[in-house]
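Read through the structure below, which is laid out as structure tokens, and then see the notes.
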Amino acid sequence: MRQEWSRLSKDKQHDYINAALCLRNTPSKLHLELLYMRIFRSSMMLLEITILCSLYESSLRSECGYKGSVPYWDWSLDWKYLSQSPVFQNSPGFGYGGNLNSAPSKEAIVGGDGCVVEGPWAGMIVHWWTQSAPPYCLSRGFQDVKPMNEMGRYFSDPLFYLHHSQLDRLWWRWQQTHTSRQTQYLGLANNFLTDVASLDDLISMGDFAPAVTARDLMNTEAGILCYRY
């Protein structure tokens, strides 16, 4: 059962944070391999989020002995005072925002936000998912209420998976409203093609995991998946 971050006990929050830190430090760098495979194409987008979060969850368990599930961050609970969300507590949490005065140089600041200087990821240096740009400090910025692509837009931000687990949850809830929606998969198969989406479309995860079909990912409690919200 995947739970909302603020609903977890402090011990379970610490367990997740410790496992996420552990995975970041594994020699295989599984967290980066997963991020670099993030494509999000047309109809496949929600399914790619499903498999991405599931693979990350499996990696936390197999590589770092994590016993729980990937939590989700229901940002609708925090819409009024986003910066005061429990996810931004320093302990247990992901640290609060950024400090514009903490960056070693202007080049280290991405998008005008400041480096995160508090919490378990303080001073974290990350890379663009393209692997071609120079590294930069993990940075977040707050200006009233801003959407995720503004205040937490970096793929290496540890909040990435809680945010996308929430997106997966919203789709899961939509599916639960009618049985027909559990196999409803419409639109284009790919941003770069004109083919109509099919449940037999293959979703590739590179060398990290075997390709799966869209059909394999439509039910979170059957086949290769085993979770609910």
Side-chain angles (χ1 to χ4, degrees), residues 1-5 7-9 11-41 43-74 87 92-94 120-121 124 126-127 129 131 138 148 152 154-173 175-176 182 185 199-229:
M1 174 76 73
R2 292 184 180 173
Q3 295 179 285
E4 209 279 327
W5 176 257
R7 303 290 194 269
L8 296 176
S9 68
D11 286 343
K12 289 184 177 180
Q13 289 177 342
H14 279 296
D15 287 345
Y16 178 80
I17 294 291
N18 290 336
L21 287 169
C22 163
L23 188 61
R24 177 171 175 78
N25 294 319
T26 57
S28 61
K29 302 292 184 183
L30 294 176
H31 66 291
L32 289 178
E33 293 174 25
L34 290 172
L35 290 171
Y36 296 147
M37 288 185 289
R38 188 205 68 86
I39 302 174
F40 296 174
R41 300 163 294 184
S43 296
M44 288 185 180
M45 185 186 80
L46 292 174
L47 296 177
E48 288 177 325
I49 289 173
T50 294
I51 190 62
L52 186 70
C53 290
S54 294
L55 288 174
Y56 184 70
E57 186 175 85
S58 296
S59 297
L60 289 173
R61 293 170 176 170
S62 62
E63 297 292 322
C64 296
Y66 182 56
K67 303 300 183 183
S69 300
V70 172
Y72 62 90
W73 172 26
D74 184 355
V87 301
F94 295 79
W121 280 277
M124 174 178 166
V126 295
H127 301 264
W129 69 280
Q131 294 183 302
L138 174 64
M148 185 68 182
Y154 312 120
F155 303 144
S156 293
D157 192 319
L159 280 173
F160 178 93
Y161 289 101
L162 272 71
H163 166 63
H164 284 82
S165 186
Q166 162 73 347
L167 296 180
D168 187 54
R169 168 181 169 265
L170 293 177
W171 184 39
W172 176 85
R173 290 183 63 184
Q175 286 183 306
Q176 305 311 304
Q182 294 180 6
Y185 182 62
L199 288 173
D200 295 320
D201 290 340
L202 283 178
I203 299 175
S204 173
M205 297 305 292
D207 296 330
F208 187 76
V212 295
T213 66
R215 192 185 311 276
D216 294 328
L217 304 175
M218 296 299 289
N219 187 342
T220 66
E221 297 181 78
I224 63 174
L225 301 176
C226 185
Y227 68 90
R228 61 182 291 115
Y229 291 95

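Side chains included, hydrogens not; waters and symmetry mates left out as well; all remaining heavy atoms used. Every value quoted in this text rests on a predicted model; they were computed, and no experiment measured them.
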Residue list, side-chain hydrogen bond (donor to acceptor under 3.5 Å, both in side chains) with [X], at least two apart or on another chain:
X    : result
D11  : none
D216 : T213
S54  : none

So do C53 and R2 actually touch side chain to side chain, heavy atoms under 4.5 Å? yes

Please confirm whether the backbone N or O of [Y] pairs with a side-chain atom of [X], one donor and one acceptor, at under 3.5 Å?
X    : Y    : result
T220 : Y227 : yes
T26  : C22  : no
H163 : L159 : no
E63  : L23  : no
R61  : G68  : yes

Under the side chain to side chain contact (heavy atoms under 4.5 Å, CB included) test, which residues partner L170, sequence neighbours left out? W75, Q166

Tell me the closest heavy-atom pair linking I49 and H164, and the distance in Å. CG2-O, 3.3 Å

At their closest point, which heavy atom of T50 faces which heavy atom of L217, and how far apart are they? CG2-O, 4.3 Å

Residues that F94 engages under ring-ring contact (aromatic ring centres under 6.0 Å, His included), provided they are two or more places apart: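 Expected list: W5, W121.
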
Mind checking ring-ring contact (aromatic ring centres under 6.0 Å, His included) for Y66 and listing every partner two or more places apart, or none if nothing turns up?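 Y66 satisfies ring-ring contact (aromatic ring centres under 6.0 Å, His included) with Y16 once adjacent residues are dropped.
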
R169 versus Y229, side-chain donor and acceptor atoms under 3.5 Å: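 Note: Y229 and R169 side chains miss the donor-acceptor criterion.
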
Would you give the length of the straight line joining atom NZ of K12 to atom CZ of R7, rounded to the nearest 0.5 angstrom? 14.0 Å

Looking at W73, Y56, Y72, which hits side chain to side chain contact (heavy atoms under 4.5 Å, CB included) with S165? Y72

Evaluate the side-chain contact (heavy atoms from CB on, under 4.5 Å) criterion for residues S204 and E48: first the C-alpha distance (whole Å), next the side-chain angles of each, then the deciding distance (0.1 Å), finally the verdict. CA-CA 9 Å; S204 173; E48 288 177 325; over 6 Å; no

